[in-house]
Amino acid sequence: MLEELKKQVYEANMELPRRGLVTYTWGNVSGIDRAAGLFVIKPSGVDYDVLTPDDMVVIDLEGNRVEGKYKPSSDTATHLELYKAYPEIGGVVHTHSPWATSWAQTGRGIPCYGTTHADYMYGEIPCARNLTAEEIEEAYEKNTGLVIIETLKEKNINPMHVPAILCSNHGPFTWGKDAADAVHNSVVLEEVAKMAAWTEMIRPGAPVAPQCMQDKHFLRKHGPNAYYGQ
């Protein structure tokens, strides 16, 4: 079932350690087949060194395991909420990459200090509020997804214009048009988080990039009249 999607999600998961975004099993990637109403996700706690495409777990949009010998990622419910809320999302990634996670642990969003950030993310990368004790106890992973959605709505953020968020005291989630694109955004997020941290170390209180520069760099790649690339 969904053999090609399993291969794609497997390859996307394997990109995380190659890019230095995960330590041990601290990460997961999923990808969805909208026509089938199913998504594929990494199994929980299985080491990347032994992972195979056949180990990927198939989940329906009710959160039920449809196929797979392993339990799905413990973050499955978060991925599920994002897929249900945003039909344009085709892949989701969660890591504990150190620079992005460091920002998450401060409870701060990542300001747009320059064009590297603006090329991929349109404005500040937000940080969601902390979950309440009741939200953590009741349905932690589902509520993590819901607080991401809440944050994007409150800040009026187009999820495809800012395909990343930080969860306070936890870590980053990214998404994209498919699993590979979501991983690409995770790599970009980590680099942008590092650059922003260095910017503040070098110049505390540094101003964000001028809005006109942010507009130019984002829209030339992603706007209706985009002209970047072939």
Side-chain angles (χ1 to χ4, degrees), residues 9 12-13 16 21-22 25-34 36-45 57-66 71-97 100-110 121-179 181-183 185-186 189 193:
V9 171
N13 272 284
L16 296 183
L21 297 182
V22 299
T25 61
W26 305 354
N28 47 75
V29 183
S30 69
I32 191 168
D33 183 325
R34 291 285 178 183
L38 301 169
F39 68 97
V40 172
I41 195 166
K42 179 185 178 290
S44 179
V57 186
V58 180
I59 305 292
D60 67 20
L61 293 181
E62 300 298 320
N64 302 305
R65 179 170 53 176
V66 174
K71 294 186 298 182
S73 165
S74 57
D75 296 302
T76 295
T78 308
H79 292 237
L80 175 59
E81 292 305 318
L82 293 173
Y83 285 133
K84 290 195 300 185
Y86 303 112
E88 60 269 47
I89 290 178
V92 176
V93 176
H94 174 52
T95 74
H96 289 252
S97 59
T101 299
S102 296
W103 283 89
Q105 290 180 169
T106 71
R108 285 186 61 194
I110 303 174
M121 311 276 179
Y122 201 16
E124 181 179 275
I125 298 162
C127 187
R129 66 170 174 82
N130 265 314
L131 297 176
T132 66
E134 290 76 17
E135 287 169 329
I136 292 170
E137 183 63 28
E138 180 186 75
Y140 175 56
E141 293 80 10
K142 177 179 179 177
N143 286 326
T144 298
L146 293 178
V147 80
I148 291 172
I149 295 162
E150 171 192 297
T151 303
L152 296 177
K153 287 180 177 176
E154 285 183 351
K155 294 180 178 294
N156 196 29
I157 291 173
N158 179 332
M160 304 313 282
H161 286 181
V162 184
I165 197 167
L166 309 176
C167 292
S168 286
N169 301 115
H170 184 182
F173 281 84
T174 64
W175 47 85
K177 65 181 186 295
D178 54 29
D181 189 44
V183 171
N185 289 331
S186 199
L189 172 64

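Positions are given from 1 along the sequence. Note: hydrogens, waters and symmetry copies are ignored here, and every other heavy atom, side chains too, is used. Given the structure is predicted, the values throughout are model-derived calculations rather than measurements.
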Engineer: List for me each residue that meets side-chain contact (heavy atoms from CB on, under 4.5 Å) alongside His161, sequence neighbours excluded, and say none if there are none.
Structural biologist: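 So His161 forms a side-chain contact (heavy atoms from CB on, under 4.5 Å) with Tyr122, Asn158, Phe218.
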Engineer: Do Thr76 and Ile59 have side chains that get closer than 4.5 Å, going by heavy atoms?
Structural biologist: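 Counting from C-beta outward, Thr76 and Ile59 do come under 4.5 Å.
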Engineer: Looking only at heavy atoms, which two atoms of Ala100 and Leu166 are closest? And how far apart?
Structural biologist: O-CD2, 3.7 Å
Engineer: Among residues at least two apart in sequence or on other chains, which ones pass salt bridge (Lys or Arg N to Asp or Glu O under 4.0 Å) with Asp181?
Structural biologist: Lys177
Engineer: Looking at Ala182, is its backbone amide N or carbonyl O close enough to the side chain of Thr174 to form a donor-acceptor pair, meaning the two atoms are under 3.5 Å apart?
Structural biologist: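 Here the side-chain-to-backbone pair exists.
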Engineer: Less than 4.5 Å apart, any side-chain heavy atom of Ile32 and any of Leu38?
Structural biologist: no
Engineer: State the CD-CG distance between Glu137 and Leu131, to the nearest 0.5 angstrom.
Structural biologist: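 With rounding to 0.5 Å, CD (Glu137) is 12.0 Å from CG (Leu131).
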Engineer: Could you pull out the closest heavy-atom pair between Val183 and Ala12, with the gap in Å?
Structural biologist: CG2-O, 3.5 Å
Engineer: Which heavy atom of Ser168 sits nearest a heavy atom of Ala128, and at what distance?
Structural biologist: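 Heavy-atom minimum between the residues: OG-O, 2.5 Å.
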Engineer: Identify the heavy atoms of Trp103 and Thr106 that sit nearest to each other, and give their distance.
Structural biologist: O-OG1, 2.7 Å
Engineer: How close do Val162 and Glu124 get, heavy atom to heavy atom, and via which atoms?
Structural biologist: CG1-O, 4.0 Å
Engineer: Would you check if there is a donor-acceptor pair between the side chains of Asn169 and Asn130 at a distance under 3.5 Å?
Structural biologist: yes
Engineer: Please list, chain by chain and in numerical order, all residues satisfying side-chain contact (heavy atoms from CB on, under 4.5 Å) with Lys142, sequence neighbours excluded.
Structural biologist: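 Here the qualifying residues are Ala77, Glu81, Ala139, Leu146.
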Engineer: Taking side chain to side chain donor-acceptor pair (under 3.5 Å) as the test, write out the residues that go with Thr95, two or more places apart.
Structural biologist: Ser97
Engineer: Among Val58, Leu61, Asp33, find the residue that satisfies the side chain to side chain contact (heavy atoms under 4.5 Å, CB included) test when tested with Phe39.
Structural biologist: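 Of the listed options, the one satisfying the test is Leu61.
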Engineer: Walk me through it: do Leu189 and Ile125 pass the test side chain to side chain contact (heavy atoms under 4.5 Å, CB included)?
Structural biologist: CA-CA 9 Å; Leu189 172 64; Ile125 298 162; 3.6 Å; yes
Engineer: Step through it carefully: locate the ring centre of His94, locate the ring centre of His79, and say whether they are under 6.0 Å apart.
Structural biologist: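 Centroid distance His94-His79: not below 6.0 Å, so no.
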Engineer: CG/Asn143 to CD1/Ile149 distance, rounded to the nearest 0.5 angstrom?
Structural biologist: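 If I round to the nearest 0.5 Å, the distance is 10.5 Å.
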Engineer: Less than 4.5 Å apart, any side-chain heavy atom of Arg108 and any of Cys127?
Structural biologist: no
Engineer: Can you check whether Gly91's main-chain N or O pairs, donor with acceptor, with Ser30's side chain at less than 3.5 Å?
Structural biologist: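 No.
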Engineer: State whether the side chain of Trp175 and the backbone N or O of Pro159 hold a donor-acceptor pair below 3.5 Å, judged by distance alone.
Structural biologist: yes
Engineer: I'd like to know whether Leu21 forms a side chain to side chain contact (heavy atoms under 4.5 Å, CB included) with His96, so could you lay out the CA-CA distance, the side-chain angles of the two residues, the decisive distance to 0.1 Å, and finally the verdict.
Structural biologist: CA-CA 7 Å; Leu21 297 182; His96 289 252; over 6 Å; no
Engineer: For Thr132, enumerate each residue passing the side-chain contact (heavy atoms from CB on, under 4.5 Å) test, keeping only those at least two apart in sequence or located in another chain.
Structural biologist: Arg129, Glu134, Glu135
Engineer: Identify, with sequence neighbours excluded, every residue that meets side chain to side chain donor-acceptor pair (under 3.5 Å) alongside Lys153.
Structural biologist: none
Engineer: Side chains of Tyr83 and Arg34: does their closest heavy-atom pair fall under 4.5 Å?
Structural biologist: yes
Engineer: Heavy-atom distance under 4.5 Å between the side chains of Pro172 and Thr101, does that happen here?
Structural biologist: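 A side-chain contact under 4.5 Å exists here.
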Engineer: Can you list the steps and then say if Thr151 with Ile165 is a side chain to side chain contact (heavy atoms under 4.5 Å, CB included)?
Structural biologist: CA-CA 9 Å; Thr151 303; Ile165 197 167; 3.9 Å; yes
Engineer: Is there side-chain contact between Val40 and Val57, with at least one heavy-atom pair below 4.5 Å?
Structural biologist: no
Engineer: Evaluate Lys42 against Val29 for side chain to side chain contact (heavy atoms under 4.5 Å, CB included), listing each step before the verdict.
Structural biologist: CA-CA 6 Å; Lys42 179 185 178 290; Val29 183; over 6 Å; no
Engineer: Any side-chain donor paired with an acceptor under 3.5 Å for Asn28 and Ser73?
Structural biologist: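 Per modelled atom types, Asn28 and Ser73 side chains form a pair under 3.5 Å.
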Engineer: Looking at Pro72 and Ser44, what are the two nearest heavy atoms and their distance?
Structural biologist: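 What the structure gives for the nearest pair is O-CB, 3.2 Å.
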